[in-house]
Amino acid sequence: MNINLTLFVQMLVFALLVFGTMRWIWPLILGAMEERSRKIAQGLAAAEKGEQELAAARDRAEAIVHEARGRANQIIEHAQHLAHELVEQAKGAASSEGARIVAAAQQQIELDTTRAKESLRREVAAIAVRAASKLLEREIDARTHADLLDKLAAQI
Amino acid sequence: MAAQQAPGATQYILHHQAFLSNKAPHGIIDFSVINYDTVFFSVLLALVFFGLFRWVASRATTGVPGLTQNIIEWIVEKVDEQVRDTFHGSSRLIAPLALTIFCWVFLFNFMDLVPVDLLPAAARGAGFEHLKVVPSTDLNATFGLSLTVFILIIFYSLKMKGFVGFISELTLQPFSARNVLVQALLVPVNFILESVTFLARPVSLSLRLYGNLYAGEMIFLLLAALTLSHGLGSLATVGGWLGIIGQFVLGLAWAIFHILIILIQAFIFAVLTVVYLSMAHEHH
């Protein structure tokens, strides 16, 4: 065991090896590792951002749905109100129309009744006159007894 | 085999301790000698490390990573975390340095899990008498790392604190006094203490790794020596079978335990390097 020239050869080889590692190995490997961790950090940040955006979008969507539902309710309420009103209007129109028809019919009936009464009255008067003339055996002059006949007709 | 030349555990182990070098060294320090095996395996493992990481780095995707990229990124991330926890300055060098040390030292140590006789036997087949396959059992390799780190410590200390700051850190603590005269007396004491602490860093870094791996390899060698020099004849005896089973069971247990050691030693080397360099960066 002795110290010899090998010592200097070893020191030279060692120095070269350290230089080579420093120059061509260390920066590349560490660079790749740092780059990767940067990428991972970016990815995580992006994922978190995406999550936040998703939550915000969900909130927005919920708000929109909520609003739409409110408006739909409003519209339905309005429509119901309108329908009710329409029905009421129609009901009113129908009942007034009915009343009008009933009134017209009543009038007609009254008119017909009056008319019938009138003709009956005349017929009864004529019958009465004929009967009376038969009884008296002479003809009653209608013109002379018109007053009498009218009175009679009015009494019937 | 060593067994064929000299059937003894001592020779076997000594044979495994020898490097494949250009010539036999004279004395503790001899710069005319070079260990081919250490250089070969450490360069090969450097290429394995660099090739694998470069391959992943050049194809690194920022999308979903594959299995290989995932494993490499896990290592890089752990190193980066460790460096960020310990080192508070800003430096483009520290983290790649820690990664290189961890991976390279781990690969050095990993060679200890390759069966101790496999590669040396193959080398003998190729005509090489000796081969040590674990670079971290070579002091030159561990000191090569720790001295480079030591140079960086000095460089960063001077760069961050200036020459005066660096010297005052070595001389004005841990003992300080308001009285100038007393302080002057304390300076040499401080200097001795601090310089020992300072110089102990590369030595401890390097010897800790070397010692652990040397001991680990030695245990593998001792276990291998259980069945040494018996040859096929051991299959006919009960003792021979006991030796084979013993070597297998103990070797397996030690190898599993050793996985922990080689990881921890690589980790300690890298972390202490970061700690020392962050100390060099910080003012006290």
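So that the names make sense, note that chain A is the first sequence line, chain B the second, and so on, each numbered from 1.
- For the pair B:D30 (side chain) and B:S32 (backbone), a donor-acceptor distance under 3.5 Å is present.
- Contact tally against chain A (heavy-atom pairs below 4.5 Å) for B:W104, B:F143, B:Y36: the top residue is B:W104.
- Residue A:F19: no heavy atom, backbone or side chain, is found under 4.5 Å from chain B.
- Put simply, of A:L7, A:I40, A:L30, the one with the most heavy-atom pairs under 4.5 Å next to chain B is A:L7.
- Under the 3.5 Å distance criterion, with hydrogens and angles disregarded, a donor-acceptor pair is assigned to the side chains of A:T21 and B:T100.
- Most heavy-atom pairs under 4.5 Å with chain A, from the set B:V39, B:L99, B:D80: that is B:D80.
- Proximity of a side-chain donor or acceptor of B:T38 to a complementary backbone N or O of B:D138 within less than 3.5 Å is not detected.
- In terms of non-hydrogen atom pairs under 4.5 Å with chain A, the most contact-rich of B:A60, B:P65, B:S58 is B:P65.
- Side-chain N or O atoms of B:D37 include none that pairs as donor or acceptor with a backbone N or O of B:L131 at under 3.5 Å.
- When heavy atoms are compared at a cutoff of 4.5 Å, B:E77 approaches chain A by way of both its backbone and its side chain.
- Looking at B:L47, neither its backbone nor its side chain comes within 4.5 Å of chain A, counting heavy atoms on both sides.
- If you check the side chains of A:N2 and B:H26, you find no donor sitting under 3.5 Å from an acceptor.
- Ranked by heavy-atom pairs shorter than 4.5 Å toward chain A, the options B:T148, B:N35, B:I29 are led by B:N35.
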Worked check of side-chain hydrogen bond (donor to acceptor under 3.5 Å, both in side chains) between B:H258 and B:N109: CA-CA 9 Å; B:H258 206 52; B:N109 297 352; over 6 Å; no
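- Side chain of A:R36 to backbone of B:T61: a donor-acceptor contact under 3.5 angstrom is found.
- Contacts of B:A95 with chain A are made by both backbone and side-chain atoms, with heavy-atom separations under 4.5 Å.
- For a residue to count as touching a neighbouring chain, one of its non-hydrogen atoms must lie under 4.5 Å from one of that chain's; by this rule B:L145 touches chain A with backbone and side chain alike.
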